[in-house]
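Below is one structure; the comments refer to it alone.
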Amino acid sequence: MEAVNPATGERLNVYDPDDDDAVERKLDRATSTFEDWREVPLREREELLENASDVLRENKQRYAELMTREMGKPITQAIAEVEKCAWACDHYAEYAHKYLSDEHHPSPPGTEVKTVHDPLGPVLAVMPWNYPFWQVIRFAAPYLTAGNVGLLKHASNVPGCALALEEVFAEAGYPDGAFQTLLVGSSNVDSILADDRVRAATLTGSGPAGRAVAETAGKHLKKTVLELGGSDPFIVLDDADLDAALETGVQARTLNGGQSCIAAKRFIVHTDVYEEYVDRLVAAFEDLTVGDPMSEETDVGPQADPDLMAELHDQVQESVDAGATLLTGGEPLARTGAFYPPTVLTAVPSGCPADTEETFGPVATVYEVGDAEEAIEVANDTRFGLGASLWTADRERGQRLAREISAGCVYINEMTKSDPRVPFGGIKDAGYGRELSEMGIKEFVNKKTVWVE
Ligand code: NDP
């Protein structure tokens, strides 16, 4: 397995993947550790998570640089990612016992009926490279604290991050086997998931990867959570605070090089403010600093991988060929590394890639609409349904319209974001299940009914 710096093309390191014997040993260890781990009092598991938070904070700079080298995110954003991971650990260290406390139900006199929350066992996590630490901590913090053990199959282009995450839990004092990294490619996922020792799976990534995992899990009747990306609308209504909608819109589309499932991808702008908004969006995109991700001045680093950048560029070109108007960007930068400039497309014809597919890079597609109803129609005209952001000065109007948007979350006058306290997940092709918050920690537990007569 090779780690390559997408900013320079330099080969960083080569790792030997785990062979069948190594995977076998890790699955055995996961099972035996689980039997002890599930008996560890919840308070002790919370304390270990506090330790994990400390390890993350203490090693923030090192972990951030590792991410930036392996997948190219700007260093300031990498540091923020490690801090957010520590926050998620703090959150579950404080709240896990509340979230997992017994639930009492109405019951006949003299009888006690309740639901208790038991762990399921080893959970396989198939994770992507875009937030190499956050996506992993987002599953590990709640699920380990609930008494499960974790098996991480990380994306093949971030093996250093995958091993560093194993180090976080080892240094925090978790028992050997509570969190293990499997250095394997995607072709090994099927047999690992089919193995009886693995009890559930969570995947964040593309639709095809999600479908493959769901198919195997379905065949073996294993619970899954899938987070598969989106083409989120960013709706700017006529009464919106344009300065705020612009500043946040630029960030929401270009953060992490635009490689985020909940990035604003389709800007849907009311005709009364359309011209001004588009002009300012183009100017703001052209003002961003694209370049060395290790520099604190950089807003947009390279795309994580030259092949993924080529796919993005194909989507842009096909859309332009179909009749879309290119207002800025649209060509890979003529320099070493996978650099793609912030790009704005308007007048996008229905059915072209920028209209119907997820654009996983800094490409904004802008639609002009006549009123709020049309904005909702365009927003819902997608096979995805992850998040949405809606801008209006009228908070009541915003909440009314939010009910009409087909998505797992709607943020009014704020960018769509994940937050440990708040449920996160999608509908339709964006996947199913919820991560984070109380809902997230309860995805991989046996909600066991206990009736006491
Ligand atoms: P993938 O979905 O291919 O990769 C995500 C994870 O799934 C990786 O660990 C990958 O392993 C694994 N995987 C891939 N195929 C399978 C399979 N058939 N069975 C089991 N596991 C599998 O994403 P890409 O990196 O190829 O990116 C492609 C597109 O996916 C992006 O352009 C974007 O649209 C979307 N995406 C969405 C993300 C999100 O946050 N929702 C994150 C990343 C991508 P391996 O690396 O070894 O192939």
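This structure is a prediction, so every number in the text was calculated from the model and none was measured. Numbering of ligands and ligand atoms starts at 1, following listing order.
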In ligand 1, which numbered atoms sit nearer than 4.0 Å to a non-hydrogen atom of [X]?
| X | result |
| --- | --- |
| S156 | 45 (P), 46 (O), 47 (O) |
| T204 | 5 (C), 39 (C), 40 (O), 41 (N) |
| V189 | 20 (C), 21 (N) |
| K153 | 9 (O), 11 (O), 45 (P), 47 (O) |
| E358 | 33 (C), 34 (O), 35 (C) |
| G229 | 41 (N) |
| P128 | 42 (C), 43 (C) |
| L228 | 41 (N) |

* Is the closest side-chain heavy-atom distance between R434 and V225 below 4.5 Å? -> no

* Side-chain heavy-atom pair F169, L144 within 4.5 angstrom cut-off -> yes

Which segment of [X] sits under 4.0 Å of ligand 1 when only heavy atoms are counted:
| X | result |
| --- | --- |
| W129 | side chain |
| L308 | side chain |
| E311 | neither |
| A212 | side chain |

[atom]: nearest protein contact (heavy atom, Å):
| atom | answer |
| --- | --- |
| atom 48 (O) of ligand 1 | S186 OG, 3.6 Å |
| atom 7 (O) of ligand 1 | V126 CG1, 3.4 Å |
| atom 39 (C) of ligand 1 | C261 CB, 3.6 Å |
| atom 6 (C) of ligand 1 | M127 O, 3.6 Å |
| atom 40 (O) of ligand 1 | N130 ND2, 3.2 Å |
| atom 15 (N) of ligand 1 | A209 CB, 3.6 Å |
| atom 38 (C) of ligand 1 | F360 CZ, 3.5 Å |

Do any N or O atoms from the side chain of [X] and from the backbone of [Y] form a donor-acceptor pair under 3.5 angstrom?
| X | Y | result |
| --- | --- | --- |
| K73 | G257 | no |
| S32 | R29 | yes |
| N256 | G258 | no |
| R253 | A264 | yes |

Would you give me the side-chain donor-acceptor pairs under 3.5 Å for residues 147-160, sequence neighbours excluded?
unit_1	atom_1	unit_2	atom_2	d
N148	OD1	L120	N	2.6
N148	OD1	G121	N	3.1
N148	ND2	Y143	O	3.2
N148	ND2	F444	O	3.0
K153	NZ	V184	O	3.2
H154	NE2	P132	O	2.8

* Answer yes or no for Q135: is there a heavy-atom contact with ligand 1 below 4.0 Å? => yes

* Shortest non-hydrogen separation from C352 to A322 and the atoms involved -> CB-CB, 4.0 Å

* Asked: If you look at every heavy atom in A263 and D232, which pair is closest and at what distance?
  -> O-CB, 3.4 Å

* Compare G426, G207, A304, S206 and give the one whose heavy atom is closest to atom 2 (O) of ligand 1. => S206

* Honestly, is R280 close enough over Y277, meaning NZ or CZ under 6.0 Å from the six-membered ring centre and within 45° of the axis? -> no

* Set of residues satisfying ring pair (Phe, Tyr, Trp, His ring centres under 6.0 Å) with respect to Y131, sequence neighbours excluded -> none

* Less than 6.0 Å separating the ring centroids of W87 and F133? -> no

* Within 4.0 Å of atom 13 (N) of ligand 1 (strictly less), any protein heavy atom? -> yes

* To do: Run the salt-bridge test on E83 and R57 with the 4.0 Å N-O cut-off and return the result as yes or no.
  => no

